[in-house]
Amino acid sequence: MKTDFNYNSATSTNRENTSDTLRKYYSSLLEKELNEQQSTWLTASVGSFILTVMPLPIPDVLRLIAIGFFAFSLWKGKKSGL
């Protein structure tokens with residue numbers, strides 16, 4: 001049984017659709033058109049913020065790394081024009 005399914009192209013297409021959907025969502029929230037880089041830094045900021053402030057059972061070292069990455073992603077987002 002032969003299938004023509006290519007896992008790499010399927011995940012790449014899904015990833016592009018997801019990032020495009022997030023970019024459009026963030027653009028509508030901010031009422032400003034965002035490019036893909038700005039959307040990526042905004043997503044990174046949100047993810048690291050969740051790791052930083054939520055009471056998750058993670059080691060303190062990981063929480064410190066998340067705080068550092070949160071600050072870094074905010075800085076990169078600001079540099080990209082957010």
Side-chain angles (χ1 to χ4, degrees):
M1 179 177 186
K2 184 178 179 183
T3 61
D4 293 331
F5 181 73
N6 184 350
Y7 179 76
N8 290 331
S9 67
T11 55
S12 174
T13 303
N14 190 21
R15 194 174 312 128
E16 289 169 7
N17 290 340
T18 303
S19 68
D20 192 43
T21 302
L22 273 175
R23 185 184 57 77
K24 289 177 184 176
Y25 174 70
Y26 289 148
S27 292
S28 69
L29 280 179
L30 297 174
E31 297 177 351
K32 160 184 172 174
E33 191 63 34
L34 299 179
N35 61 30
E36 193 150 335
Q37 181 185 22
Q38 292 169 327
S39 174
T40 300
W41 285 117
L42 190 55
T43 303
S45 297
V46 169
S48 58
F49 177 78
I50 289 170
L51 281 176
T52 302
V53 300
M54 291 296 182
L56 300 172
I58 59 174
D60 291 338
V61 172
L62 184 57
R63 194 169 305 272
L64 288 174
I65 291 170
I67 291 169
F69 187 70
F70 178 62
F72 177 74
S73 61
L74 287 177
W75 176 68
K76 290 295 279 186
K78 186 172 181 175
K79 272 183 71 173
S80 72
L82 273 174

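- Follow the hydrophobic side-chain contacts under 4.5 Å out from Leu56 and you never reach Ile67; the two are in separate clusters.
- The stretch residues 46-63 participates, sequence neighbours left out, in no side chain to side chain donor-acceptor pair (under 3.5 Å) pair at all.
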task: Give the C-alpha distance, both sets of side-chain angles, the deciding distance and a yes or no for side chain to side chain contact (heavy atoms under 4.5 Å, CB included) between Leu22 and Leu42.
output: CA-CA 10 Å; Leu22 273 175; Leu42 190 55; over 6 Å; no
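- Within the structure, ring pair (Phe, Tyr, Trp, His ring centres under 6.0 Å) contacts touching residues 42-65 (residues at least two apart or in different chains) are Phe49-Phe70.
- Applying the side chain to side chain donor-acceptor pair (under 3.5 Å) definition to pairs two or more places apart or across chains, those involving residues 30-40 are Arg23-Glu33.
- A chain of hydrophobic side-chain contacts below 4.5 Å, direct or via other Ile, Leu, Val, Met, Phe, Trp or Tyr residues, connects Leu34 to Val46.
- Pairs passing the ring pair (Phe, Tyr, Trp, His ring centres under 6.0 Å) check and including a residue from residues 19-44, sequence neighbours excluded, read Trp41-Phe72.
- Applying the side chain to side chain donor-acceptor pair (under 3.5 Å) test to pairs two or more places apart or on separate chains, those with a residue in residues 65-79 are Ser45-Ser73.
- Connection of Leu62 to Leu64 is not established within any shared hydrophobic cluster, with ILVMFWY side chains joined at heavy-atom distances below 4.5 Å, either directly or through further cluster members.
- Under the 4.5 Å side-chain heavy-atom criterion for Ile, Leu, Val, Met, Phe, Trp and Tyr, Val61 and Ile58 are members of distinct hydrophobic clusters.
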